[in-house]
Amino acid sequence: MSVGPVGVLALQGDFREHQHSLEQAGATTRQVRRPEDLESISALVIPGGESTTIGRLASLYGMIDPLRDVIKGGLPTLGTCAGLIFLAVDAVRDAPPLLEVLDVVVERNAFGRQNDSFETPIDVAGLDSPHQAVFIRAPRVTKIGSDVEILATYDDQIVMVRQADILAGAFHPELTDDLRFHEMLLSVREEN
Ligand code: GLN
């Protein structure tokens, strides 16, 4: 049986970069904008961008409930940066519309003005060498539920988590040529 494409939420943000990384990692992809685009996808990526815009457009396009349903149904999902925020159950201060499927609370733009954007090596559970992480007005995770595993921290802040088939990070692997996060998503898909 053929495996369906990986859906990439393409409402706003750097979805093309995610498609490129996924294709480099050997997957086929599909841009997702409407509920019917979710049909027969085998995994999902929610890109970085602006979570307020992604949340508002998702509401406008009637995508909140369909996305929630497929992710709660166990669709392997990777969120980066704004994607992490959109997956969360809550955001401290100015929460945009959220999917509330990942049991974490996030703080948006958590790394301060002078440190708005930076690159730094981080250790990630399951990877045998550090990842050169790109943080762009990145969120941090301030609270996690009991089913959430911490995969990476930076400066004592939680920056990557996993809960069952959901992977979410505060940084942007899609802006690097490190394919290991997209490969991680594809291996979650294989486990299913
Ligand atoms: N600061 C953005 C937000 O709050 C996230 C930035 C990003 O995705 N690079 O949505």
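The first residue of the sequence shown is numbered 1, and numbering continues consecutively from there. Atoms within each ligand, like the ligands themselves, are counted from 1 in listed order.
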Visitor: By side chain to side chain contact (heavy atoms under 4.5 Å, CB included), which residues pair with E107, not counting sequence neighbours?
Guide: V92, R93, A110, R140, T142
Visitor: Does any part of the side chain of V124, heavy atoms only, come nearer than 4.5 Å to the side chain of R180, both counted from C-beta?
Guide: no
Visitor: Begin from the C-alpha positions of F181 and E174 and carry the test side chain to side chain contact (heavy atoms under 4.5 Å, CB included) through to its verdict.
Guide: CA-CA 9 Å; F181 297 86; E174 72 280 12; over 6 Å; no
Visitor: By the side-chain hydrogen bond (donor to acceptor under 3.5 Å, both in side chains) test, which pairs, at least two apart or in different chains, include something from residues 22-31?
Guide: Q19-T29, Q19-Q31, E23-T29, Q31-R33
Visitor: Would you check, one step at a time, whether the test side-chain hydrogen bond (donor to acceptor under 3.5 Å, both in side chains) holds for T176 with H131?
Guide: CA-CA 9 Å; T176 73; H131 166 68; 4.6 Å; no
Visitor: So if I only count non-hydrogen atoms and take anything under 4.0 Å from ligand 1, which residues does that give, chain by chain?
Guide: G48, G49, E50, S51, C81, A82, I85, R108, N109, I136, R137, H172
Visitor: Show the atom names and distances, to 0.1 Å, of all donor-acceptor pairs under 3.5 Å that link a side chain in residues 64-71 to residues at least two apart or in another chain.
Guide:
| from | atom 1 | to | atom 2 | distance (Å) |
| --- | --- | --- | --- | --- |
| D65 | OD1 | R68 | NH1 | 3.2 |
| R68 | NE | L99 | O | 2.8 |
| R68 | NH2 | L98 | O | 3.1 |

